Amino acid sequence: MSKTFDDLKIQSEVCELLKKQGIITPTPVQEKLIPTARSGKDVIVQSKTGTGKTLAFLLPIMEKIKKIPVTQALIIAPTRELALQISKVAKNIGDVMEIDSVIICGGQDFERQKEKLKKIPQLIIGTPGRLLDHLSRKAIDLSRANKIVIDEADELLKMGFIEDVEMILKATAGDGQLILCSATIPERIKMLASQFMRNPQMIFIEPKKITLENIKQSVIKVKESEKVNKLCEILENERPYLAMIFCAKKEKITWLTIELAQKGYEVDGLHGDLTQQQRNFVLKKFREAKLQLLVATDIAARGLDIEGVTHVISFDIPRSPIDYIHRIGRTGRAGQKGTAITFVTEDEIEKLRTIESSIKKQLNILNNKKEISKLRRKENFSKTDKPIKKTSKRTKNERSKFK
């Protein structure tokens, strides 16, 4: 019989809150981490994104927070998007448990954050760069923070933040509990753990089999100079409801967004240089289908869950199989069909083979216009025969089929 959050001895008011949100049965990582974290032990959790880690570490940590004006807990996340997601969950729980939390990340007004920190929140959620900024200016005091979570540690490593994390950890109490969550445990993460953790307990959550049956995956060999024209050809053939287009660098995001906008497409970009207000504005338009195309980097799109994304197009090939899986996972959700198209240049074939080996599937390479035109599966997307330009707004009824 499946456990409930009541079985895990979660506060009854919090259980009621979770029930109202449709969260009844704990995920495997929640079942294992909540009682372990409650014991006060250091823990290393190896678990993929989307397994419910946020609730798993927030619930036991927030139970231990005392209702006094001292910063007692810190959660470090690699990106603003993830920090914001964690912050939203923490605020909902905190409203019930009377615990103040603050998010500290880039893209938000620094002085306003300083004012919030003066109120001495009991829980801080932040990204490494902005946390260090506040520490260097003595705007934040972590000396009594003894409940620390490092979320998505391998992403922090990829983004070059591990040294920053080490500096932040040295500013904390150092005699409490450290929970480290990571999809993979590379050698550098093991070194971090050995330096700051005491006999950590390991929790490994077996990843679910990657389900790609609902996603039609194709590859198009193309020269770099031909990518924009090929992309427009695909958009006209496919007529996506909503499409995410991935580029390798933020500079290319701006360039490609301008190129597509000049051709009349409803498009905007998502990258690390946007303020939080700008990012929220772009995502709101995309969620409401006021934009049909969202051009993004992998980091900027990390953790996004937007219903109705019918197409994912990799303008640049992903840097790793994990990034490929994260990208195409933006479509084909909730039982819907999806299409993933990856552009590959001649010198990127080896990267393609690595991806194929990881997902245990040979991807279909389309070589000519006739094959590309066959991609379109009209029954799964919009019924309109208009090209996907400014005249192609979707109706409320059309949007509802993706809910």
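Counting from 1, the numbers follow the sequence of the chain as shown. Predicted, not measured: the structure shown is a model, and the values here were computed from it.
Between Lys230 and Glu233 there is a salt bridge, with a side-chain nitrogen of the basic residue lying less than 4.0 Å from a carboxylate oxygen of the acidic one. A salt bridge links Glu288 with Lys290: at least one charged nitrogen is closer than 4.0 Å to a carboxylate oxygen. Between Arg353 and Glu356 there is a salt bridge, since at least one side-chain N of the basic residue sits less than 4.0 Å from a carboxylate O of the acidic one. Salt-bridge formation is not detected for the pair Asp316/Lys351: no Lys NZ or Arg NE/NH1/NH2 atom is positioned less than 4.0 Å from an Asp or Glu carboxylate oxygen. A salt bridge links Lys285 with Asp268: the closest approach of a Lys/Arg side-chain nitrogen to an acidic carboxylate oxygen falls below 4.0 angstrom. Under 4.0 Å is where a charged nitrogen must lie from a carboxylate oxygen, and between Lys67 and Glu98 no such pair does. Lys227 and Glu348 are not joined by a salt bridge, as no carboxylate oxygen comes within less than 4.0 angstrom of a charged side-chain nitrogen.
The side-chain heavy atoms of Thr342 and Ile355, taken from C-beta on, include no pair separated by under 4.5 Å. Proximity of Lys53 to Leu33: side-chain heavy atoms (C-beta onward) are nowhere separated by under 4.5 Å. Contact check for Thr339 versus Glu238: side-chain heavy atoms found under the 4.5 Å cut-off. Ile179 places none of its side-chain heavy atoms less than 4.5 Å from the side chain of Thr36. Between Phe196 and Leu180, every side-chain heavy-atom pair lies at or beyond the 4.5 Å cut-off. The shortest distance between side-chain heavy atoms of Ile189 and Pro186 falls below 4.5 Å. Between Glu152 and Leu82, some side-chain heavy-atom pair lies under the 4.5 Å cut-off. Using a 4.5 Å heavy-atom cutoff, the side chains of Leu192 and Leu169 are in contact.
With hydrogens and angles left out, the side-chain atoms of Gln108 and Gln113 include a donor and acceptor closer than 3.5 Å.
Atom CD1 of residue Ile341 and atom CZ of residue Phe315 lie 13.0 Å apart, to the nearest 0.5 angstrom. Annotation: the span from Asn146 atom CG to Asp175 atom CG amounts to 6.0 Å, rounded to 0.5 Å. Rounded to the nearest 0.5 angstrom, Lys114 NZ and Lys138 NZ are separated by 12.5 Å. Rounding to the nearest 0.5 angstrom, the gap separating the CD atom in Glu163 from the CG atom in Leu156 is 11.0 Å. Atoms CD1 and OG, from Ile325 and Ser320 in turn, are 8.5 Å apart once rounded to the nearest 0.5 Å. The distance from the OG atom of Ser357 to the CG atom of Leu352 is 11.0 Å, given to the nearest 0.5 Å.
Looking at Arg327, its side chain never comes within 3.5 Å of a backbone N or O of Ile245 through a donor-acceptor pair. Remark: side-chain polar atoms of Glu224 are not paired, donor with acceptor, to backbone N or O of Thr345 under 3.5 angstrom. At distances below 3.5 Å, not a single donor-acceptor pair connects side-chain atoms of Ser182 with backbone N or O atoms of Ile185. Under the 3.5 Å distance criterion, the side-chain polar atoms of Thr331 are left unmatched by any main-chain donor or acceptor of Ile328. No donor-acceptor pair under 3.5 Å is formed between the side chain of Thr127 and the backbone N or O of Gly129. Here the side chain of Ser101 pairs no donor or acceptor atom with the backbone of Leu123 at under 3.5 angstrom. Remark: the backbone N or O of Val89 is not paired with any side-chain donor or acceptor of Asn92 at under 3.5 angstrom. Listed for the Thr310 side chain is a donor-acceptor partner under 3.5 Å among the backbone atoms of Leu242. With hydrogens and angles disregarded, no donor-acceptor distance shorter than 3.5 Å links the side chain of Gln122 to the backbone of Val70. Here the side chain of Gln30 pairs no donor or acceptor atom with the backbone of Leu55 at under 3.5 angstrom.
Considering all non-hydrogen atoms of both residues, Ser47 and Ile205 come closest at OG-CB, 3.8 Å. A pairwise comparison of heavy atoms in Lys263 and Cys232 identifies CD-SG, 3.4 Å as the closest pair. Heavy atoms only, all atoms of each residue included: Lys3 and Thr25 are closest at O-CG2, 3.6 Å. Among all heavy-atom pairs drawn from Ala289 and Tyr241, the shortest one is CB-OH, 3.8 Å. Nearest heavy-atom pair across Glu166 and Gln195 is OE2-OE1, 3.6 Å. Between Ile86 and Asp151, the shortest heavy-atom contact is CD1-OD2, 3.6 Å.
At most 12 non-hydrogen atoms from other residues, nucleotides or ligands lie less than 6.0 angstrom from CD of Gln362. In Lys91, the NZ atom is not crowded: 12 or fewer heavy atoms of neighbouring residues, nucleotides or ligands sit closer than 6.0 Å. The environment of CE in Met202 is crowded: more than 12 heavy-atom neighbours from other residues, nucleotides or ligands sit within 6.0 Å. For Lys116, the NZ atom is loosely surrounded, since the number of other residues' heavy atoms within 6.0 Å does not exceed 12. Under a cut-off of 6.0 angstrom, the local environment of CZ in Arg198 is crowded, with over 12 non-hydrogen atoms contributed by other residues, nucleotides or ligands.
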Derivation and outcome, side-chain contact (heavy atoms from CB on, under 4.5 Å), residues Val43 and Phe57: CA-CA 10 Å; Val43 191; Phe57 60 67; over 6 Å; no
Side chain to side chain donor-acceptor pair (under 3.5 Å) evaluation trace for Tyr324 with Gln217: CA-CA 11 Å; Tyr324 177 79; Gln217 302 170 71; 2.6 Å; yes
CA sep, side-chain torsions, deciding dist, call: Thr54, Lys88, side-chain contact (heavy atoms from CB on, under 4.5 Å): CA-CA 10 Å; Thr54 300; Lys88 286 179 179 176; over 6 Å; no
Verdict with reasoning, Val344 to Ile365, per side-chain contact (heavy atoms from CB on, under 4.5 Å): CA-CA 9 Å; Val344 177; Ile365 298 179; over 6 Å; no
side-chain contact (heavy atoms from CB on, under 4.5 Å) assessment of Ile103 paired with Leu84: CA-CA 7 Å; Ile103 179 170; Leu84 189 61; 4.0 Å; yes
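Under the salt bridge (charged side-chain N to carboxylate O under 4.0 Å, His left out) criterion, Asp42 pairs with no residue, sequence neighbours left out.
In this pair, His134 and Phe110 present their aromatic rings parallel. The plane angle is below 30°, not in the 30 to 60° band.
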